[in-house]
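Since the structure comes first, as structure tokens, the remarks are kept for the end.
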Amino acid sequence: MTTDYSQYAKLSPFELKDELIKLASGKANRMMLNAGRGNPNFLATLPRRAFFRLGLFATAEAELSFSYMPNGIGGLPKIAGIEGRFERFCADNRDQDGVVFLARAISYVRDQIGLPASDVLHELVEGILGCNYPVPPRMLRYSEKIVREYIVKEMVGGALPTRSIDLFAVEGGTAAMAYVFHTLQANGLVQKGDKVAIGKPVFTPYIEIPELEEFGLQEVSLDADPHAGWQYPDAELDKLRDPAVKIFFLVNPSNPPSVKMDDRSLERIAAIVAERPDLMILTDDVYGTFADDFRSVFAICPRNTILVYSFSKYFGATGWRLGVIATGKDNVMDAALKAQPQAERDRLTRRYQSIIPDVGKLAFIDRLVADSRVVALNHTAGLSTPQQVQMVLFALFALMDEADGYKAELKKLIRRREKALYRELGMAAQSDPNEVAYYTLLDLEEIARQMHGEDFAAYVLKVASAGDMLFKIADETGIVLLPGKGFGTREPAGRVSLANLNEYEYAEIGRALRRMADDLFASYQAGKTHDGGA
Ligand SMILES: *Cc1c(COP(=O)(O)O)cnc(C)c1O
């Protein structure tokens, strides 16, 4: 190939993808297969049905308030008698799946979680109508309690008391990250030149953001070992013992290797935190729901950990923009704020004095809320209330699914795709209890080695340096993979998302890569014969 691909070397894999797509889609009579997208092609329908049914009930409630008004004007919904009216609505619409789900959801909230049904209903009805500012801005009162149950079930394995956790409802994992980075910096909890440990390979913004000029953080890489199922070796985790490391950024289960951290690593981190109680940890657990028996670092170090969770992937809801930031009520960020020197506390008093008379009492999580709207607009902060309602319905859908049927179906779906890919490629699929398989990393050198030995692997690396290889694949096969290197892998690898295409397409990707490898092997052998004759 003649194009100079080095010009793309600095692009994030998510931007580079557009160049690969151009190349992959450029040929007639050939289908492009874009395996670069993390956006799932599945989605949860029942909680969405419930959302739309609830919307109709809520609208009728609004119209009841001002029933003499013509021209489509309603009033704020009233709480008096709401439960009775809701029961009648459910009875009248029993043939609708979404309505049956709503009726079950309200009884779950009342009987299992122990919340007052009328108040919850009123919050949901007002919320879905979007007729009030989100109050409290951090998260609606009952919505927080319900989503907390979900987070504790899915992220913590039920091992923490729900009341020990605070949530901030945000516009997806993306907003969560932006808010957390900003507030850590604005409050002097991380400062220019501080060391930040990053578990790699990782979702690229976790590498790119700390490098931005306004953060100016010094990165310490913790490299997962591809030959140990992408777990972090003890020696890598031990880098966290350095007291200069202020915070540890972690995606767990990882992206792109897509494995959850094993128990050995969790225990090692707990031991390090016992020695270093000041260490802050930011864990992005977006894929936790796809793992077997998932346990977040938040479960074992709740004081030290800021947990980011997004509803985007598991519920197929990237367009909804739904996520939460969770912190323990007792946490090291608040402890660090209290221990700051007087001058720094005075500075922060000036920053937040419009919100609360005693800024010392303003918790880290409430500073996140304030900072999300440049402090002064704190009173109109918060996630839109219809978004919070859909979030609550997603959470209840998972909580009420006692046999975890939805989870089992999704896991089966992505794992079948993975099998099809590796089968057609002619390789054994991984079998690792920590594997999540939302993505898979194809290590090109390793594949070449397994197919035809060491010498061929060296040849493959030589004919196409790793970055160029993905362009070659896009050009010759129409397949788009994202470069592992951009995510911080040390090996030449391509990320295949198993979430976005159908099974037969993964089989096709496997076959196309196999054909390409066979072609490369043929020219490798031809070259050898030629060399031998010369
Ligand atoms: C997809 C993804 C996100 C972004 O989630 P949104 O809720 O869609 O903004 C965050 N972190 C990781 C690791 C992801 O893979």
Using every non-hydrogen atom in the two residues, find where L160 and S164 come nearest and quote the distance to one decimal.
CB-OG, 4.4 Å
Hey, are the side chains of E236 and D225 touching, using non-hydrogen atoms and a 4.5 Å cut-off?
no
side-chain hydrogen bond (donor to acceptor under 3.5 Å, both in side chains) between N304 and R276, intermediate numbers included
CA-CA 10 Å; N304 300 68; R276 276 211 57 195; over 6 Å; no
For atom NZ of K419, decide whether the heavy atoms of other residues, nucleotides or ligands shown that lie under 6.0 angstrom number more than 12.
no
Would you please classify the geometry between the Y406 ring and the Y314 ring as parallel, tilted or perpendicular, with 30° and 60° separating the classes?
perpendicular
Side chains of T440 and Y422: any donor to acceptor distance under 3.5 Å?
yes
Check whether any side-chain heavy atom of R367 sits under 4.5 Å from a side-chain heavy atom of Y352, and report yes or no.
yes
Do the two ring centres, one from F249 and one from F203, sit under 6.0 Å apart?
no
L396 side chain near Y108 side chain, heavy-atom distance below 4.5 Å:
yes
side-chain hydrogen bond (donor to acceptor under 3.5 Å, both in side chains) between T327 and D166, intermediate numbers included:
CA-CA 6 Å; T327 56; D166 284 327; 4.9 Å; no
Using the rule given for side-chain hydrogen bond (donor to acceptor under 3.5 Å, both in side chains), can you reason through Y206 versus D284, listing the C-alpha separation, both sets of side-chain angles and the distance that settles it, and then say yes or no?
CA-CA 10 Å; Y206 286 102; D284 177 335; 2.8 Å; yes
Could you walk me through whether K246 and D278 pass the salt bridge (charged side-chain N to carboxylate O under 4.0 Å, His left out) check?
CA-CA 8 Å; K246 287 278 162 57; D278 61 313; over 6 Å; no
Before giving the answer on side-chain contact (heavy atoms from CB on, under 4.5 Å), spell out for E171 and Y179 the whole-Å C-alpha distance, their side-chain angles and the decisive distance to 0.1 Å.
CA-CA 10 Å; E171 302 84 352; Y179 294 160; 2.8 Å; yes
For the pair K200 and L222, evaluate side-chain contact (heavy atoms from CB on, under 4.5 Å) and give the outcome as yes or no after the intermediate values.
CA-CA 6 Å; K200 289 184 183 170; L222 270 57; over 6 Å; no
Run the salt-bridge test on E154 and K407 with the 4.0 Å N-O cut-off and return the result as yes or no.
yes
For the residue pair L307 and S296, establish whether any side-chain heavy-atom pair is separated by less than 4.5 Å.
yes
With a sphere of 6.0 Å drawn around CG of D358, does it hold more than 12 non-hydrogen atoms of other residues, nucleotides or ligands?
yes
Given 3.5 Å as the limit, does a donor-acceptor pair link the side chain of R345 with the main chain of G360, or not?
no
Can we say E446 and R449 salt-bridge, meaning some charged N sits less than 4.0 Å from an Asp/Glu carboxylate O?
yes
Can you find a side-chain donor-acceptor pair between Q387 and S384 that sits under 3.5 Å?
yes
Rounded to the nearest 0.5 Å, what separation is found between the CG atom of L348 and the CD atom of Q353?
11.0 Å
Can you see which heavy atom on I414 is nearest to which on A437, and at what distance?
CD1-O, 3.6 Å
At what distance, to the nearest 0.5 angstrom, does CZ of R495 lie from CZ of R37?
11.0 Å
Within the distance-only criterion (no hydrogens, no angle test), does the side chain of T380 pair as donor or acceptor with the backbone N or O of L377 below 3.5 angstrom?
yes
Spacing of F215 atom CZ and E211 atom CD [to the nearest 0.5 Å]
12.5 Å
The residue among N331, D334, D330 that forms side chain to side chain donor-acceptor pair (under 3.5 Å) with R303 is D330
To the nearest 0.5 Å, atom OG1 of T183 lies from atom CG of L368 at 4.0 Å
Can a salt bridge be assigned to the pair K145 and E149 using a cut-off of 4.0 Å between side-chain N and carboxylate O?
no
Does K412 pair with E409 as a salt bridge, N-O distance under 4.0 Å?
yes
Does some side-chain heavy atom of D242 sit less than 4.5 Å from a side-chain heavy atom of K195?
yes
Do V220 and V196 make a side-chain contact, defined as non-hydrogen atoms from C-beta onward lying under 4.5 Å apart?
no
Let's go through F298 and I306 carefully: what are the C-alpha distance in whole Å and the side-chain angles of both, what is the deciding distance for side-chain contact (heavy atoms from CB on, under 4.5 Å) to 0.1 Å, and is it a yes or a no?
CA-CA 7 Å; F298 185 74; I306 304 167; over 6 Å; no
Go through F487 and F14 one step at a time and tell me if the ring-ring contact (aromatic ring centres under 6.0 Å, His included) criterion holds.
CA-CA 10 Å; F487 295 91; F14 298 101; 5.7 Å; yes
Has the side chain of S372 got a donor or acceptor atom that lies under 3.5 Å from a matching backbone atom of V369?
yes
If you take all heavy atoms of P201 and P257, which pair is closest and at what distance?
CG-CG, 3.6 Å
Atom pair CD1 (I281) and CD1 (I269), whose distance is rounded to the nearest 0.5 Å:
6.0 Å
Quiz question: by atom type and distance under 3.5 Å, do the side chains of S221 and D223 form a donor-acceptor pair?
no
What are the two closest non-hydrogen atoms of E344 and G188, and how far apart are they?
OE2-CA, 3.7 Å
Salt bridge check: are R141 and D119 linked by an N-O gap of less than 4.0 Å?
no
Taking every heavy atom of Y438 against every heavy atom of S258, the minimum-distance pair comes out as N-OG, 3.0 Å
Is there a side-chain contact (heavy atoms from CB on, under 4.5 Å) between S143 and E123 once you walk through the steps?
CA-CA 8 Å; S143 300; E123 181 174 300; 2.7 Å; yes
Heavy atoms, side chains only, cut-off 4.5 Å: are K153 and D404 in contact?
yes
Classify the ring geometry between Y309 and F311 as parallel (under 30°), tilted (30 to 60°) or perpendicular (over 60°).
perpendicular
Is any side-chain heavy atom of K313 closer than 4.5 Å to a side-chain heavy atom of Y287?
yes
Apply side-chain hydrogen bond (donor to acceptor under 3.5 Å, both in side chains) to N39 and T318, showing your working.
CA-CA 7 Å; N39 196 109; T318 47; 2.6 Å; yes
Got a donor-acceptor contact below 3.5 angstrom from the R373 side chain to the A381 backbone?
no
As an exercise, state the distance from CD of E418 to CD of E435, rounded to the nearest 0.5 Å.
4.0 Å
Residue pair T349 / D346, side-chain donor-acceptor N/O under 3.5 Å
no
Specify the closest pair of heavy atoms between V245 and L240, including all atoms of both residues, with the distance to one decimal.
CG1-CD2, 4.3 Å
State plainly whether the residues D292 and K260 are in salt-bridge range, i.e. N to O under 4.0 Å.
no
